[in-house]
K.L.:
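My structure is below; once you've seen it, I'll send some questions.
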Amino acid sequence: MTDATDTPFWHPSRHADRRPLLLARNRIQQALRGWFAAEGFTEVDPVALQVSPGNEAHLHAFATDALAHDGTARRMYLHTSPEFAMKKLLAAGETRIAAFAHVWRNRERGALHSPEFTMLEWYRVAEDYSVLMEDTAAFLRLAAQAAGTPLLRYRDRTCDPFLPYERLSVAEAFARHAGLDLLATIRPDGATDRDGLAAQMAGQGMAVSGDDTWSDLLAKVLVTRVEPHLGLGRITVLDRYPAAEAALARACADDPREAERFEVYACGVELANGFGELTNPAEQRRRFGLEMDEKHRVYGERYPLDEDFLAALGHMPDASGIALGFDRLVMLATAAPRIDDVIWAPVAR
């Protein structure tokens with residue numbers, strides 16, 4: 001394939017290289033839409049311009065000003081996920097919804113990241129979040145079939161989506177791949193022990209900086225010791241995230257230190273992030289406040305809360321929801337080396 005740095009995507013020679021991948025993208029999307037229709041889902045199309053882009057500390061949004069007739073400006077954002085809008089639709093009475101939504105995330109560009117990309121997000125009312133794991137595994141099989149391949153590939157790594165997936169908790173993954181007892185650093189009320197985790201990491205020869213928070217340390221272990229082992233040979237479902245890392249998820253019924261959050265990996269690449277959804281507006285407000293406090297500490301900014309979303313949350317039924325990076329799924333199904341190779345007209349560099 002022609003190097004993306006040499007030739008623009010619109011040049012006929014490069015388009016000829018990319019076109020088979022783009023047509024596979026269309027087939028995969030059609031296959032998934034057919035699956036949703038057969039399962040009784042309603043496809044929705046939430047608008048991207050929102051009063052809040054989301055309230056996660058380390059997600060960065062694109063901002064703009066919406067002008068009234070008199071020129072008065074109101075700060076708005078392109079959403080980082082259609083989550084808030086889709087949950088409002090659950091509050092309105094929808095029970096199974098899905099969306100192929102364009103989303104925007106600033107500070108993100110690379111082989112696996114584009115500032116604008118397509119997120120496939122879907123929700124099930126009154127169903128356990130483990131059902132979403134089965135959904136995602138089915139989608140990986142459908143993508144491989146639509147692309148005409150028996151294996152998903154990223155660089156030199158492969159994953160057979162037709163094998164039963166591996167499911168393990170974050171704590172189990174830390175013990176297996178890093179030799180750490182993660183739950184020993186989390187109190188029953190969810191508070192975390194930064195120094196305890198740092199001491200364990202130092203004992204395993206891992207570098208720790210004095211200004212690292214517990215969340216920073218967790219991320220370092222995930223990236224360096226855990227993620228490289230996930231989704232190799234078969235799909236991995238990394239389940240039961242620490243409650244402190246799951247601002248939008250319910251706590252696990254059997255251990256409040258853990259939450260009903262999971263991520264799906266194939267070929268070492270994170271593809272999806274799912275939740276048993278939190279529906280308590282007061283608790284959600286508290287968690288968003290903590291997230292924005294951390295954002296302000298690290299980046300010097302904070303995003304507003306969507307008060308309409310918090311009001312709707314009080315009417316939202318128990319539900320499970322998940323977001324999947326659709327472009328990444330196409331990448332793995334077509335063995336494309338870069339996300340820009342599977343986007344019809346990628347963002348200019």
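Nothing fancy with the numbering, it's 1 onward along the sequence. Just the heavy atoms: all of them, side chains too, but no hydrogens, waters or symmetry mates, feed the values below.
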K.L.:
Measure the CZ-CD distance between Phe288 and Glu56 for me, rounded to the nearest 0.5 Å.
P.N.:
8.0 Å

K.L.:
Do Asp216 side-chain atoms and Thr213 backbone N/O form a donor-acceptor pair below 3.5 Å?
P.N.:
yes

K.L.:
Please confirm whether the backbone N or O of Ala249 pairs with a side-chain atom of Arg287, one donor and one acceptor, at under 3.5 Å?
P.N.:
yes

K.L.:
Looking only at atom types and distance, does a side-chain atom of Ser169 sit under 3.5 Å from a main-chain N or O of Glu172, one as donor and one as acceptor?
P.N.:
yes

K.L.:
Classify the ring geometry of His229 against His177: parallel below 30°, tilted from 30° to 60°, perpendicular beyond 60°.
P.N.:
parallel

K.L.:
Could you walk me through whether Arg96 and Glu127 pass side chain to side chain contact (heavy atoms under 4.5 Å, CB included), step by step?
P.N.:
CA-CA 10 Å; Arg96 285 189 179 186; Glu127 295 187 69; 3.1 Å; yes

K.L.:
Start with the C-alpha distance between Asp239 and Arg167, add both sets of side-chain angles, then the distance that settles salt bridge (Lys or Arg N to Asp or Glu O under 4.0 Å), and finish with yes or no.
P.N.:
CA-CA 7 Å; Asp239 191 16; Arg167 180 178 178 181; 2.9 Å; yes

K.L.:
Are side-chain heavy atoms of Pro256 and Asp189 found at a separation under 4.5 Å?
P.N.:
no

K.L.:
Grab the two heavy atoms, one from Pro53 and one from Thr80, that are nearest each other, plus how far apart they are.
P.N.:
O-OG1, 2.6 Å

K.L.:
Does Arg19 have more than 12 heavy atoms from other residues, nucleotides or ligands lying within 6.0 Å of its CZ?
P.N.:
no

K.L.:
Heavy atoms only: give me the nearest Pro161-Leu151 pair and the separation to one decimal.
P.N.:
CD-CA, 4.3 Å

K.L.:
Give the ring-plane orientation class for Trp35 versus Phe41, where under 30° counts as parallel, over 60° as perpendicular and anything between as tilted.
P.N.:
tilted

K.L.:
Within the 3.5 Å criterion, strictly below it, is a donor on Glu134 or Tyr165 matched to an acceptor on the partner's side chain?
P.N.:
yes

K.L.:
Do Thr236 and Glu166 pair up side chain to side chain, a donor and an acceptor below 3.5 Å, judged on atom types alone?
P.N.:
yes

K.L.:
Have a look at Arg240 and tell me which of Glu258, Glu245, Glu263 forms a salt bridge (charged side-chain N to carboxylate O under 4.0 Å, His left out) with it.
P.N.:
Glu258

K.L.:
Compare all side-chain heavy atoms of Leu305 with those of Asn55 and state whether any distance is below 4.5 angstrom.
P.N.:
yes

K.L.:
For Arg194, run the side chain to side chain contact (heavy atoms under 4.5 Å, CB included) check against Leu218, Thr185, Leu217 and tell me which one passes.
P.N.:
Leu217

K.L.:
Is the NZ or CZ atom of Arg14 both under 6.0 Å from the centre of the six-membered ring of Phe9 and within 45° of that ring's axis?
P.N.:
no

K.L.:
Yes or no on salt bridge (Lys or Arg N to Asp or Glu O under 4.0 Å) for Arg109 and Asp340, after CA distance, side-chain angles and deciding distance?
P.N.:
CA-CA 10 Å; Arg109 196 71 195 254; Asp340 282 2; 3.0 Å; yes

K.L.:
Which atom pair, heavy atoms only, marks the closest approach of Ala272 to Ile322?
P.N.:
CB-CD1, 3.8 Å

K.L.:
Ring-plane angle category for Trp104 and His79, please: parallel below 30°, perpendicular beyond 60°, tilted otherwise.
P.N.:
tilted

K.L.:
Quick check: does any side chain N or O of Ser114 sit under 3.5 Å from a backbone N or O of Glu116, one acting as donor and the other as acceptor?
P.N.:
yes

K.L.:
State which residues pass salt bridge (charged side-chain N to carboxylate O under 4.0 Å, His left out) with Asp255; sequence neighbours excluded, sorted by chain then number.
P.N.:
Arg257

K.L.:
In the structure I gave you, are the side-chain heavy atoms of Asp308 and Val51 within less than 4.5 Å of one another anywhere?
P.N.:
no

K.L.:
Taking the side chain as every heavy atom from C-beta outward, state whether Leu248 and Gln284 have any pair of such atoms under 4.5 Å apart.
P.N.:
yes

K.L.:
Run Arg225 and Arg176 through side chain to side chain contact (heavy atoms under 4.5 Å, CB included) and show every step you take.
P.N.:
CA-CA 10 Å; Arg225 296 294 184 93; Arg176 179 184 303 177; over 6 Å; no

K.L.:
To the nearest 0.5 Å, how far apart are CG in Leu313 and CZ in Phe84?
P.N.:
9.5 Å

K.L.:
Has Glu307 got a side-chain atom pairing as donor or acceptor with Pro304's backbone, closer than 3.5 angstrom?
P.N.:
no

K.L.:
Just so I know, are the side chains of Met201 and Gln204 near enough to count as touching, which here means a heavy-atom distance under 4.5 Å?
P.N.:
no

K.L.:
Between Met119 and Met86, is there shared hydrophobic-cluster membership here, with clusters defined by ILVMFWY side-chain heavy atoms closer than 4.5 Å?
P.N.:
no

K.L.:
What verdict does the side chain to side chain contact (heavy atoms under 4.5 Å, CB included) test give for Arg107 and Tyr299, after you've listed the backbone C-alpha separation in whole Å, the side-chain angles of each residue and the deciding distance to 0.1 Å?
P.N.:
CA-CA 12 Å; Arg107 300 197 187 196; Tyr299 305 108; 3.4 Å; yes

K.L.:
Just wondering, do Ile339 and Leu112 contact through their side chains at under 4.5 Å, heavy atoms?
P.N.:
no

K.L.:
Distance-only criterion, 3.5 Å: show the donor-acceptor pairs between side-chain atoms of residues 66-76 and protein atoms not counting sequence neighbours.
P.N.:
| residue | atom | partner | partner atom | Å |
| --- | --- | --- | --- | --- |
| Asp70 | OD1 | Thr72 | N | 2.9 |
| Asp70 | OD1 | Thr72 | OG1 | 2.8 |
| Asp70 | OD2 | Thr72 | OG1 | 3.1 |
| Arg75 | NE | Thr64 | O | 3.3 |
| Arg75 | NE | Asp65 | OD1 | 3.0 |
| Arg75 | NH2 | Asp65 | OD1 | 3.4 |

K.L.:
Between Asp128 (side chain only) and Val131 (backbone N and O only), is there a donor and an acceptor less than 3.5 Å apart?
P.N.:
no

K.L.:
Please examine the side chains of Leu183 and Phe174, heavy atoms only from C-beta on, and report whether any two atoms are closer than 4.5 Å.
P.N.:
no

K.L.:
Could you give the distance from CD1 (Ile28) to CG (Leu23), rounded to the nearest 0.5 Å?
P.N.:
11.0 Å

K.L.:
Applying a strict under-4.5 Å side-chain criterion to I, L, V, M, F, W and Y, I'd like to know whether Leu230 and Val221 cluster together.
P.N.:
yes

K.L.:
Determine the minimum heavy-atom distance between Ala173 and Val226, stating which atoms define it.
P.N.:
CB-CG1, 3.8 Å

K.L.:
Walk me through it: do Tyr265 and Glu227 pass the test side chain to side chain contact (heavy atoms under 4.5 Å, CB included)?
P.N.:
CA-CA 8 Å; Tyr265 287 81; Glu227 286 186 340; 2.6 Å; yes

K.L.:
Kindly give the cluster partners of Met292, where membership spreads through any ILVMFWY side chain lying under 4.5 Å from a current member.
P.N.:
Tyr77, Tyr303

K.L.:
Would you call the rings of Phe262 and Tyr129 parallel, tilted or perpendicular, where under 30° means parallel and over 60° means perpendicular?
P.N.:
tilted

K.L.:
State yes or no: are the ring centers of Phe36 and Phe139 separated by less than 6.0 Å?
P.N.:
yes

K.L.:
What are the two closest non-hydrogen atoms of Arg250 and Ala319, and how far apart are they?
P.N.:
NH1-O, 3.5 Å

K.L.:
Assess the side chains of Trp122 and Asp135: does a donor N or O sit below 3.5 Å from an acceptor N or O?
P.N.:
yes

K.L.:
Below 4.5 Å, heavy atoms only, C-beta onward: do His315 and Lys88 meet side chain to side chain?
P.N.:
no

K.L.:
Does one side chain, of Ser81 or Glu121, offer a donor that lies under 3.5 Å from an acceptor on the other?
P.N.:
yes

K.L.:
Answer with yes or no whether the side chains of Arg234 and Thr158 bring together a donor and an acceptor at under 3.5 Å.
P.N.:
no

K.L.:
Could you report the tightest heavy-atom contact between Leu329 and Leu271, atom names first, then the distance?
P.N.:
N-CD2, 3.8 Å

K.L.:
Out of the candidates Ile235, Val269, Leu332, Asp160, only one should pair with Leu152 under the side chain to side chain contact (heavy atoms under 4.5 Å, CB included) rule; please name it.
P.N.:
Leu332

K.L.:
Tell me, yes or no, whether the heavy-atom count around Arg157 atom CZ, taken from other residues, nucleotides or ligands under 6.0 Å, exceeds 12.
P.N.:
yes

